[in-house]
Protein chains: 2
Amino acid sequence: MNPITVMNEIAPEALDLVEQRYLILRTVYFMAPVGRRAIAQRLEKSERTIRKEVDVLRERGFLIGNYAGMSLSSDGERILTDLREYIRQMHGLTHLEQELKEVLKVKKVIIVPGDSDQDMVVKQDLAKATARYLRQVLKNGDVLAVTGGTTLSQVAASFPSDGTKRDVIVVPARGGLGEDVTIQANSIAAKLAQGLGGSYRLLHAPDNVDSNLVSTIVADPQIRDVITLVRRANVLLHGIGTAEEMASRRGLDEEHVMQLIIDGAVGEAFGYYFDPKGQIVYATSSLGVRLEDLGKIPLIVAVGGGKSKAWAVLSVVSTGYCDVCITDEGGARRLMSLLKHKEEHVNGN
Amino acid sequence: MNPITVMNEIAPEALDLVEQRYLILRTVYFMAPVGRRAIAQRLEKSERTIRKEVDVLRERGFLIGNYAGMSLSSDGERILTDLREYIRQMHGLTHLEQELKEVLKVKKVIIVPGDSDQDMVVKQDLAKATARYLRQVLKNGDVLAVTGGTTLSQVAASFPSDGTKRDVIVVPARGGLGEDVTIQANSIAAKLAQGLGGSYRLLHAPDNVDSNLVSTIVADPQIRDVITLVRRANVLLHGIGTAEEMASRRGLDEEHVMQLIIDGAVGEAFGYYFDPKGQIVYATSSLGVRLEDLGKIPLIVAVGGGKSKAWAVLSVVSTGYCDVCITDEGGARRLMSLLKHKEEHVNGN
DNA sequence: TTTTTTTGTCCCGCGTAAGCCAAAAAATAA
DNA sequence: TTATTTTTTGGCTTACGCGGGACAAAAAAA
């Protein structure tokens with residue numbers, strides 16, 4: 001594995017330091033002769049911080065300076081050339097994360113290298129990154145709602161139980177769907193709870209409930225309790241699916257699937273089908289998390305990777321309900337190019 | 001250039017952090033299940049420091065732990081494997097520096113990668129490293145004495161004048177020697193002073209002075225002043241030469257050179273010839289720094305690189321007067337193997 | 001049951017980063 | 001040429017953060 005990738009995993013703050021010094025060198029290179037104040041303004045750091053860094057860079061002989069301002073030494077120019085390459089390497093994705101974060105207007109974007117479509121290992125990486133983020137962000141007392149799906153199933157599987165107990169309750173955000181038990185929201189909730197060292201509750205009901213059956217099911221006190229808990233969840237973790245795939249998994253016949261596509265549905269999340277602008281095209285009725293609940297959830301995390309899911313990710317994130325988006329490089333780059341073209345299209349009109 | 005080498009130049013402290021975490025992971029790997037206290041003892045760090053690092057490593061999912069102690073997660077094992085390689089890379093020389101420092105009983109050893117014998121660029125690197133060290137260590141009020149030689153001449157040449165003024169006086173440690181003006185101690189002192197932003201004084205006298213001429217020369221008040229200053233120097237920077245080369249440069253005839261070699265001389269520094277144990281074999285009389293002055297100098301820096309000079313470096317350092325030794329990888333590795341064999345020899349007796 | 005080891009918490013003190021200000025030098029204008 | 005302005009650098013003081021040590025609680029081992 002790449003040394004920079006390794007360092008990014010084991011000590012990202014070390015790379016931050018390298019990057020900071022790189023930025024200073026680059027600024028000096030372009031603005032020489034320049035003083036601390038000008039650098040500080042340009043990099044939006046305090047003058048004192050810049051001073052500290054400048055002092056060590058000067059000590060090492062990369063910067064030379066007099067009262068007219070400082071500039072790069074030949075050593076400084078050489079190391080700047082070397083650094084450029086490594087920063088680009090380590091920043092390929094970090095930078096993409098930043099860009100997407102801004103353009104998608106979400107709180108955070110996490111991108112793992114690779115493409116899930118091409119390499120199944122990337123999907124594991126995606127799951128691992130999600131697990132890592134989850135562990136960072138979950139606090140005692142949290143109620144975590146999770147959906148089903150292959151991606152989320154891998155998140156649960158890749159969750160190393162670190163032995164610590166957490167006061168977290170994991171609940172399925174939706175009911176049961178399809179035949180495969182390992183990708184059921186219930187199974188995932190249970191496994192995730194185990195990995196987190198928390199507890200879980202199960203929702204024993206089908207995902208798509210006929211409206212006149214609702215009252216009958218809710219009559220069951222155990223089910224009602226779980227539903228109450230689900231609607232109180234303060235963290236929602238859900239996968240992102242393509243509309244087509246999810247529709248057929250839900251057992252819709254070809255005709256209905258066709259109609260969905262014609263209506264513009266490209267993405268699916270927790271039972272709702274969205275078009276590229278984030279508008280709802282179709283909704284399956286459910287006992288779990290509903291659209292009107294989303295506004296009350298402080299943290300919604302969406303996971304989905306692969307070039308093929310770029311449209312789906314775009315549609316789901318465009319709803320405005322997504323806080324954190326976790327995807328892979330393939331999906332992210334495709335997504336970015338979709339956005340670029342969209343923008344051009346808009347400008348063209 | 002290697003990313004690790006670049007980082008080592010631009011932010012060595014970042015690599016220290018990586019190494020610290022690597023050491024912790026390795027310790028856990030071998031001692032699992034293990035607690036903070038045991039790790040702290042093993043690594044000779046405070047328990048608090050270990051705890052801080054352990055917390056972030058656990059946060060990142062590399063360590064998992066319960067009350068029985070902690071162990072590596074699968075992620076942790078993977079990253080440990082990756083890290084091993086990079087640590088080995090970055091530590092090849094750093095570790096060698098440490099080893100040599102201990103075995104040679106000096107305050108500091110600096111090794112640049114490569115071999116001056118094979119690649120002349122390495123000699124420039126050696127000079128640059130020396131210049132960098134010098135700039136770090138010199139304080140206002142210091143008097144720096146320098147010898148001549150090709151290596152020191154390159155140090156002076158590679159000294160980027162960083163514009164800052166320093167209250168430092170540079171003096172030649174010895175008189176003039178040979179014909180080439182650029183490698184004279186006088187020239188080097190002048191150029192070095194320019195680079196340091198300090199002042200310099202010249203010693204207008206030959207290196208090898210006939211004893212009955214001394215009084216005549218010292219009668220010159222200007223020369224006497226400089227000599228006084230030289231004897232007051234608190235930093236001495238000198239090159240290391242092989243006995244043979246230096247003897248012929250001093251214009252000794254073949255017979256005398258042969259005699260020197262027969263007497264066991266392998267290294268030369270500031271006019272003195274040493275055998276491998278650091279004993280003086282021959283001394284040229286000089287007006288500048290004498291052996292009896294060395295004890296009074298708080299910082300003596302010796303520079304010499306290349307496999308061919310390993311014996312010379314060994315002899316000069318063995319005098320016990322050397323505080324800092326700057327050499328290259330070729331010289332250092334050869335030196336280390338010489339020391340290994342020497343030890344075996346002693347053990348064999 | 002006792003001992004040993006683990007983890008987590010609390011408080012203290014040092015170190016260092018940050019902000020502020022003054023002096024000095026260069027650029028600019030008169 | 002001289003004066004003013006705009007930079008620059010360097011020093012001083014403060015305060016926040018982080019490491020250090022001790023301690024209690026809890027769990028595993030003996």
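Convention: sequence-line order gives letters A, B, ...; per-chain numbering from 1.
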**Message:** For the residue pair A:K45 / A:Q20, report whether a side-chain donor-acceptor contact shorter than 3.5 Å exists.
**Reply:**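 Yes, because at least one side-chain N or O of A:Q20 sits under 3.5 Å from a partner of the opposite role on A:K45.
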
Does [X] come within less than 4.0 Å of [Y], counting only side-chain N to carboxylate O?
X      : Y      : value
A:E9   : B:R78  : yes
B:D75  : A:R132 : yes
A:D323 : A:K108 : no

**Prompt:** Should we say atom OH of B:Y22 is surrounded by more than 12 heavy atoms from elsewhere, each under 6.0 Å from it?
**Reply:**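 Check passes, neighbour count above 12.
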
**Prompt:** Shortest non-hydrogen contact from A:D142 to A:V137?
**Reply:**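 A:D142 and A:V137 have their closest heavy atoms at OD2-O, 4.2 Å.
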
**Asked** What are the two closest heavy atoms between A:M70 and A:V28, and how far apart are they?
**Response**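 Here A:M70 and A:V28 meet closest at O-CG1, 3.7 Å.
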
To the nearest Å, how far apart are [X] [atom1] and [N] [atom2]?
X     : N      : atom1 : atom2 : value
A:K45 : C:dA17 : NZ    : P     : 13 Å
B:I64 : C:dT7  : CD1   : C1'   : 16 Å
B:I39 : C:dT5  : CD1   : P     : 14 Å

**DNA chain C-proximal residues of residues 16-24 of chain B, any heavy atom under 4.0 Å** =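 Heavy-atom contacts with DNA chain C come from no residue of residues 16-24 of chain B; none.
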
**Asked** With B:R21, which of B:I79, B:L83, B:V56 fulfils side chain to side chain contact (heavy atoms under 4.5 Å, CB included)?
**Response**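 Going through B:I79, B:L83, B:V56 one by one, the side chain to side chain contact (heavy atoms under 4.5 Å, CB included) with B:R21 is satisfied by B:V56 alone.
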
Look for any protein N or O under 3.5 Å of an N or O in nucleotides 19-24 of chain D and output each such pair with its distance, or none.
residue: D:dG19; atom: OP1; partner: B:K52; partner atom: NZ; Å: 2.6
residue: D:dG20; atom: OP2; partner: B:S46; partner atom: OG; Å: 2.5
residue: D:dG20; atom: OP2; partner: B:T49; partner atom: OG1; Å: 2.0
residue: D:dG20; atom: N7; partner: B:R48; partner atom: NE; Å: 3.4

